[in-house]
There are 2 protein chains.
Amino acid sequence: MSRTTVSNAYNRPDQLSPELRRRVLDTARRLGYPGPDPVARSLRTRKAGAVGLLLTENLSYAFRDPAALGFLEGLALACEGAGQGLHLVPVNPEREDVAAVHRAGVDGFVVYSVPDDDPHLAAVLSRPVPTVVADQPIVDGVDRVGIDDRAAITRLAQHLITLGHRRVGVVCMRLARDRNDGFAAVDRQEAAHFHVQRARLAGIADAFGPAGVEWARIPVVERFDHTTASGASAAGQLLDSDPGLTAIIATSDILALGAITEARRRGLRVPQDLTVTGFDGIPEGERIGLTTVRQPVLEKGRAAGRLLLGTPDPTRPREVTLDTELVQGTTASTPRTTEERWFGP
Amino acid sequence: MSRTTVSNAYNRPDQLSPELRRRVLDTARRLGYPGPDPVARSLRTRKAGAVGLLLTENLSYAFRDPAALGFLEGLALACEGAGQGLHLVPVNPEREDVAAVHRAGVDGFVVYSVPDDDPHLAAVLSRPVPTVVADQPIVDGVDRVGIDDRAAITRLAQHLITLGHRRVGVVCMRLARDRNDGFAAVDRQEAAHFHVQRARLAGIADAFGPAGVEWARIPVVERFDHTTASGASAAGQLLDSDPGLTAIIATSDILALGAITEARRRGLRVPQDLTVTGFDGIPEGERIGLTTVRQPVLEKGRAAGRLLLGTPDPTRPREVTLDTELVQGTTASTPRTTEERWFGP
DNA sequence: GTGAAAGCGCTAACAC
DNA sequence: GTGTTAGCGCTTTCAC
């Protein structure tokens, strides 16, 4: 019996008689043949049946960050729908070991929110497979799915301005691959390797400039780790340097939740004594009524998957920009005057 | 120049002069050669550099269930440490499509909590690669990592007995692949295809039997979907059938959280009017002080990864049983008499 | 330090 | 409906 027949028995039942097919499969089992080797098949068919996912952080971080999780879920949904596996590329952000990217047997990559200068991203782009970037960075000629971070946060900031806030501080996520837990001056902001953070800061500036508040005078505190603890300590740093702040704008909900915790610890009521806002729209934020910008993270993941798995390449790189929504929660209100803070309304 | 030299340039820098290596790599880049094809390399080296993960549920479900998430994180950690990718196998529980298992180019599988008769599990076991099962099922000759579900929940039940509970109801997860949202009689319990649920029910029986409560008289309500909504409706079903219940034992924290919601909705205070317990030790349960059994989910994932990636095979299948801990939270207390419930203490 | 040759296991043309 | 042949792209002895 020839190899073709056996191959057909497994892959194209319609090419041979059911009886023969049955016989082949039975014999195979009896002989202990485990079925076609997937790797050899992939080599031959030039299809791995899997999508690679690259994240900056440790893989395990993705399982803790609600926004990343939502993205992951959407992407998994898309992969599932297309019968594609999801191959999480093991990346150790400490060691710049790009080998894992080269070793991944996948038909394409989704890159989720990495810095402009990420060596792993460079490795992905050097591979001859389609790639979709989610959020950041923006790379010429590469498909991308994201939101308009700048415009979205501008609306949020304008909301605060309308409420009367002028003396605000900002807490943001890491701006580059090097750790800088502290104030971030304008030059560092502008040199940021994370487009999303850059855009969000710029968006805040867009709102406050016209309101007569010079951006350079708005304190911005950066944190490398994206945790509520970071948000808390950053808020503390802001309030230490200027107790007169009436609002803290965080560039993520996680940071905002930490900021609220810190405010409460200091006896400040939110929002009566201090307004705090976030960005993302994660479930826990929603639960406490966080004022924030909601972005459709699940839809983002799904869109990334669809972009990658859909029609190969209609000539031009595609760009999907999803809508966001301003969530006017209960953590923002009109600011109190300093007098009110000390003596009551 | 020969293929060997090029291959060496990529894989064994020590086999040729740095100068030559550099020249090779430069030329490659100039010619647009993207580096060795990972699939071809895998075929040749017989190593895919990835671990397959099989889950019963939709992939996306894993990203919603906190216990599964903890497991995933631990497993990802182990893979990361070993430089292995994590290949999530796309499984549609509706269609019994086993092909994805056969298509996955992986060096081994981790199977997380699937029923005894799962066809995907059978497909995994038919492949000539090492496999580790987490939680369930128990398969002869296959490595496994889990906990002693039976003993763990027995301790919890004994705690309730000590508090004085005798009239209790149980809410459990699905017992088989078919949907049965309702009471589960003893025969269905014993025929359950999910070993973990079977063991937990048996563990409760172990405690109540000696206390003089016949197991067959303890109502058990089953739910197919593992959600808080399921827990709520199941608790409702129990309370409807016997308003005199003093405690509801849920076999997972998720279900317990739902049960608490339902109790409150009915004006029952927890624990004063109704004791509710869970199982797992998820963060949200901890936050509200849920009385439960905590199991080390992250450690479980890590152990599964280590088992799979560690020393190949020391002759016998290995079994890792992790410790659990009874968490005496604030959702269990001494039961009120019926009179107290209506007329106050 | 370098090259020639073999073959990993499979599928897809193509002829029968 | 079945068999023959030719590679997919790579790594790895082994001889030079």
Side-chain angles (χ1 to χ4, degrees), chain A residues 1-29 31-50 52 83 85 87 98-108 123 126-130, chain B residues 1-50 52 83 85 87 98-108 123 126-129:
Chain A
M1 171 169 313
S2 85
R3 303 161 64 155
T4 308
T5 310
V6 178
S7 179
N8 280 339
Y10 280 98
N11 302 321
R12 359 204 24 193
D14 52 315
Q15 294 296 302
L16 31 63
S17 64
E19 197 271 322
L20 175 60
R21 174 175 143 88
R22 175 168 207 73
R23 229 179 60 213
V24 171
L25 263 40
D26 280 356
T27 312
R29 194 163 322 139
L31 263 46
Y33 174 72
D37 180 297
V39 174
R41 169 189 276 160
S42 288
L43 175 59
R44 185 61 237 244
T45 60
R46 315 265 48 191
K47 250 147 202 38
H87 179 118
V98 162
V101 172
H102 287 121
R103 241 195 308 263
V106 297
D107 300 323
S126 81
R127 294 217 13 203
V129 292
Chain B
M1 173 169 311
S2 81
R3 305 160 64 155
T4 311
T5 311
V6 178
S7 177
N8 280 338
Y10 279 99
N11 303 319
R12 356 201 30 194
D14 51 314
Q15 295 295 303
L16 32 62
S17 65
E19 198 270 322
L20 175 59
R21 173 175 144 89
R22 174 169 207 74
R23 228 179 59 214
V24 172
L25 263 40
D26 279 357
T27 311
R29 193 164 322 141
R30 195 159 43 70
L31 263 46
Y33 174 73
D37 180 295
V39 175
R41 169 189 276 161
S42 288
L43 176 59
R44 185 62 236 243
T45 60
R46 315 267 49 193
K47 249 146 202 39
H87 179 117
V98 163
V101 172
H102 288 122
R103 241 195 308 264
V106 297
D107 300 323
S126 80
R127 292 209 23 195
V129 294

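Heavy atoms only: backbone and side chains are in, while hydrogens, waters and symmetry mates are out. Every chain is numbered from 1, with letters handed out A, B, ... down the list of sequences.
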What parts of residues 4-29 of chain A reach DNA chain C, counting only heavy atoms under 4.0 Å away? T4(A), S7(A), N11(A), R12(A)
Checking R21(A) against N8(A): is there a side-chain donor and acceptor pair closer than 3.5 Å? no
Tightest non-hydrogen contact, residues A48(A) and G105(A), listed as CB-O, 3.2 Å
Near DNA chain D, counting only heavy atoms under 4.0 Å, which residues of residues 40-47 of chain A show up? L43(A), R44(A), R46(A)
Please assess R22(B) against L25(B) for the test side-chain contact (heavy atoms from CB on, under 4.5 Å), listing each intermediate value before the final yes or no. CA-CA 5 Å; R22(B) 174 169 207 74; L25(B) 263 40; 6.0 Å; no
Between R46(A) and D37(B), does at least one N-O distance fall below 4.0 Å, as a salt bridge requires? yes
Is a donor on one side and an acceptor on the other found under 3.5 Å between the side chain of D107(A) and the backbone of K47(A)? no
I want to check something: taking the side chain as every heavy atom from C-beta on, are P34(B) and R127(A) in contact at a cut-off of under 4.5 Å? no
What pairs with T5(B) under side chain to side chain donor-acceptor pair (under 3.5 Å), at least two apart in sequence or on another chain? S2(B)
